[in-house]
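Structure record follows, encoded as structure tokens.
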Amino acid sequence: MSQATRVNPNQRFNIHTNASRSTFEEQLALLQENSQKTSERHRQKWARPVPNINPDFDPIIFQQFEVDECIDQSSSMRSPMIRMFGITEPYFYIPAPVGFKNDDIAEFQTSLEYLLQRDMRSQGRQFVSKIEINLKETIQGYHGNRKCPFLKMYFSDTKAMSLAQAGTFKFKDRPLSQVTFESNILYVLRFMIDCKVTGANWIEIPPKKYRIIPLEERDSHCQIELVTCHAPDGEWSKIAPLRILSFDIECAGRKGIFPEAKIDPVIQIANMVTIQGEDKPFIRNVFTLNSCAPIVATDVIECYDQAEMLQAWSNFVVDPDILIGYNIINFDLPYLLDRAHHIGAKGFPYFETRFSSKAYGIRDREQKEEVHHSIITDLQNGNDETRRRLAIYCLKDAYLPQRLMDKLMCLINYMEMARVTGVPFNYLLSRGQQIKVISQLFRKAFEQDLVIPAVKTEGNQVFIAAFSNYNVNLNSKPYSLGTDEQFEGATVIEPEKGFYNVPITTLDFSSLYPSIMIAHNLCYTTLLDNKEIENLNLKAEVDYITTPYNSARFVKPNLRKGLLPTILEDLLAARKKAKAELKKEIDPFRKAVLDGRQLALKISANSVYGFTGATAGKLPCIEISASVTAYGRQMIERTKQEVESRFCIANGYKHNAHVIYGDTDSVMIKFAAGYVTEKFLNPIKLEFEKVYFPYLLINKKRYAGLYWTNPNNWDKLDTKGIETVRRDNCLLVQNVVETCLRKILIDRDVSGAEEYAKKIISDLLQNKIDMSQLQPHSCLAERMRKRDPGSAPTLGDRVAYVIIKATKNAPAYEKSEDPIYVLENNIPIDTNYYLENQLSKPLMRIFEPILGNKSNSLLSGDHTRVTKNTTPTVGGLMKFAVKTPTCLGCKTPLKGNDIPVCKHCKPKLGELFQKQLDVVNSLEIHFARLWTQCQRCQGSLHQDVLCSSRDCPIWYMRKKAQKDVADATGILERFNHAW
DNA sequence: CTACGGTCCTAA
DNA sequence: TGAGTTAGGACCGTAG
């Protein structure tokens, strides 16, 4: 097939896209009245070439990204339809009653149909399409590999199906099994599994198997009957040239009030469209309300009416595959939709159906540099030059190449995940981990004629499906796990805390839990109970194993190879393959794809264990998960023993090995004092792949060390669980701890680290630490700071705050204050609080193992006795205290602000004036420098600074510098009264 | 003052 | 058709 016949992925929206394209063109004519040239350029750029394909000769090949479910309105059946793929009918299974024959189907179907029509309150329609008998096996438990008859029941719609599966079945007045099979799987996923479609794979529709639907028939039935689904390997692991629309909006908020869609207009929308794989955007434009001066390499679309602008934009957004932008899910998109609704802009319904109903997105907590709301309005209300400045700002937010690249890599990882697990792309964003395991489980089960029960949970007790065909107790049997109980997890070896200035060897099991499941054949399909052991006359150790968890028993692979072990083997093998290919690959983009793939495979393998242990989940099996962890505990314990008993002086080695720590699947080993000899290295060469040297072991799950994988260079500073990797600490703590660790572990300079820590403490007590460093820096705080109408923090949100001085033992809520307020009102920060409550403990934890008792001097030395230039305060009353003016020479209180000095200091007036002038000058220089820095960050030296991001450290410094200048100038002015 | 439970985040 | 697991440190507020 030729390149020309390959169709863009969005061809899947044939019906809708064509429809919108016609209105798009209509509305373009409208737009042209305003800006003919520009819109013409747009149309040419945006519109995907309508491919000239002939259904008789050309196949359609595309990478599908979305599979969804809708009702086919045109069909008299109102059939459910998977868009672009065709029609499939939902179904589920129940075990057939004993003795059920093909002849019984008609009678059964009639009775079921009757019940459904009654319950659906619809007499004329047929709900049960078909019932057939299939030989299947339940996934739950080993039953001697016997297949049994199941009734596969097809329905005309999903609602009827869910009604049927919730009801009680009867046949010839005998109640049937309450347990249904495969009735609780998402319809879309069901379809994909049955058709062997995986997320983001390539679909090929051969010639003559489709037809191009004329516009006037665009709602009619899709005629595609046969498609080829390419498994995502080799050639078909490629990625379609996606169109990525990156955009940003600006709203004209009222002064000091967060913009609300009902009131405040959208004034600009900047857009960039990039094709994946190309480094420059091929469309760069900005829609502006009112006139706007030209911008280089950018189409400026001037609109003179709010509704017109929104319409023009919604028409512009015909066909992107991916939308990105700062917080567009939570702010930009909802705002646009609300606004369009409010002002009655036309053309949004289409837009709405595509982007609002399924609003899902990759969580994006980046901080946008904000233009202050009041400034936006001023710029908007200015002339076309000021609006141009705003537009440039808006464009800058829409396009950041690095961000684009990051998002793309992220996208690739997701895509690989979709392909590996088989779920549609959007599930990865909107669903959890379970669905991925379910998808794989159903796929593999399908191949082996296994059916999966829809388990019912009652409280915390999970009931296994039980039914007559297997002669298992018809009354459901609860798991051995009682209500509220948790199963035991992994072992964490008690750490021998301390600083190790010797190489610490680490051994770890790769993919421990998956390997355990494979090695011991742990699976739903291999789990045994007493009854089956008796029935099938199975022999312990010969036919089955008993795990260390409550004597759970599983048959050996020769009787039946478990489904989970098969899935895991496939995943691990695929990962091995991906890693091998990754090693050979040179092209960076394909490298990233492969890396994403191997990562996806690893995560997939690891989440199988979690799935079996999810008591509130779809198919929990504590026998499996608890056996896995029980084996794991045995293994780590044994590893410790083996290492210590084998590598010891008694066995002819030079040193005794000693396990100083271990967690779940790893052990850290110290080989006595000093170095490790060559002779000793040899026999366990492979295991020396990873070494920490030096190594600081602080506590369980808390350590840091220099990580080596080859003897010549260290790879990285690895820190686990320490403040540096935790997001709930303020920046000051993170930075200090990080720097101290680097100095100690990399530079091996303990005293340098001490000095550094002392300097920081001294700076802190002298108020020299910038405020942005003192704010809690958790992701919750960021979430709270998101642009959010009404902007009042909801319960549970964390607010940006700093701790200020208040009366001793004042409750925390009296001591915390908004940083902006603090800055503007000169409220003293409680530096001691930060030292005692935030900095001291983390620092002590690091220095204590190295310095012992000496480390106390860090917190009590001379550096802590600096003069504190803060005003003493009395709680909240401080706000009302009137500051008494003092003499600028000797600080004696004065009667009024009119004079600068007392009479004793009057002779020094000139000298004091000069001094103050110097102060003002140097502060102004400092301020100017920060100003320039902000301008540089903004990308231009010729404009005012618009940024007021609360996260930017420079911003706080600048704000503080500005205030310092103002204060110093105020003092200077007092001299005016003297002459 | 300590003990304890709740919250948050991380290790694996 | 809502949700992977357990172990565990650090911190905070409160009960006693």
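Numbers restart at 1 for each chain; the letters A, B, ... are given by sequence-line order, proteins then strands.
- Pairs passing the salt bridge (Lys or Arg N to Asp or Glu O under 4.0 Å) check and including a residue from residues 597-620 of chain A, sequence neighbours excluded, read Asp233(A)-Arg597(A), Glu416(A)-Arg597(A).
- Side-chain contact, Glu89(A) with Ser129(A): a donor N or O sits under 3.5 Å from an acceptor N or O.
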Open item on the list: Generate the contact string for nucleotides 3-9 of chain C. Rules: B means base contact, S means sugar-phosphate contact only, - means no protein heavy atom under 4.0 Å.
Closed with: BBBSBBB
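- Residues satisfying the ring pair (Phe, Tyr, Trp, His ring centres under 6.0 Å) test with Tyr703(A), not counting sequence neighbours, are Tyr661(A), Tyr692(A), Tyr695(A).
- A donor and an acceptor atom, one from each side chain of Asp715(A) and Thr709(A), are located under 3.5 Å apart.
- For the ring pair (Phe, Tyr, Trp, His ring centres under 6.0 Å) test, residues two or more places apart in sequence or in another chain that qualify with Tyr513(A) are Tyr609(A).
- Residues forming a salt bridge (Lys or Arg N to Asp or Glu O under 4.0 Å) with Glu637(A) (at least two apart in sequence, or on another chain): none.
- As judged by a 4.0 angstrom heavy-atom cut-off over every strand, Lys436(A) is placed among residues making no nucleic acid contact.
- Rounded to whole angstrom, the span from the CG atom of Asn729(A) across to the P atom of dC12(C) amounts to 10 Å.
- The residue Ser183(A) sits close to a base: some heavy atom pair falls under 4.0 Å.
- Counting to the nearest Å, the C1' atom of dT1(C) and the CZ atom of Phe442(A) are 12 Å from each other.
- Rounded to an integer number of Å, the gap from CG of Leu619(A) to C1' of dT1(C) is 16 Å.
- Mapping Gln838(A) and Met161(A) onto DNA chain C by nearest heavy atom places Met161(A) at the nucleotide closer to the 5' end.
- Between Ile803(A) atom CD1 and dC11(C) atom P there is a gap of 14 Å when expressed in whole angstrom units.
- Applying the 4.0 Å criterion to OP1 and OP2 of dA12(B), one finds that Lys720(A) has a side-chain N or O inside that range.
- With P as the reference atom, dT5(C) and dT1(C) are 14 Å apart, rounded to whole Å.
- The CD1 atom of Ile516(A) sits 12 Å away from the C1' atom of dA12(B) (whole-angstrom rounding).
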Close N or O pairs between protein and nucleotides 3-6 of chain B (under 3.5 Å):
none

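- Within the 4.0 Å cut-off from OP1 or OP2 of dA12(B), at least one side-chain nitrogen or oxygen of Tyr703(A) is found.
- Rounding to whole angstrom units, CD of residue Glu182(A) and C1' of dT1(C) are separated by 15 Å.
- Nucleic acid contact class of Val628(A) (heavy atoms, under 4.0 Å, all strands): none.
- In this structure, the ring pair (Phe, Tyr, Trp, His ring centres under 6.0 Å) partners of Tyr93(A), at least two apart in sequence or on a different chain, are Tyr91(A).
- Between Thr506(A) and Ile669(A) there is no side-chain heavy-atom pair separated by less than 4.5 Å.
- Between Leu697(A) atom CG and dA11(B) atom P there is a gap of 14 Å when expressed in whole angstrom units.
- When the P atom is compared between dG4(C) and dA12(B), the two are found 22 Å apart, to the nearest whole Å.
- Under the ring pair (Phe, Tyr, Trp, His ring centres under 6.0 Å) criterion, Phe442(A) pairs with no residue at all, not counting sequence neighbours.
- Residues that satisfy the salt bridge (Lys or Arg N to Asp or Glu O under 4.0 Å) test with Glu488(A), not counting sequence neighbours, are Arg633(A).
- Here the side chain of Tyr833(A) is nearest to one of dC12(C), dA12(B), dT1(C), namely dC12(C).
- One atom, CZ of Arg727(A), and another, P of dC9(B), lie 6 Å apart when rounded to the nearest Å.
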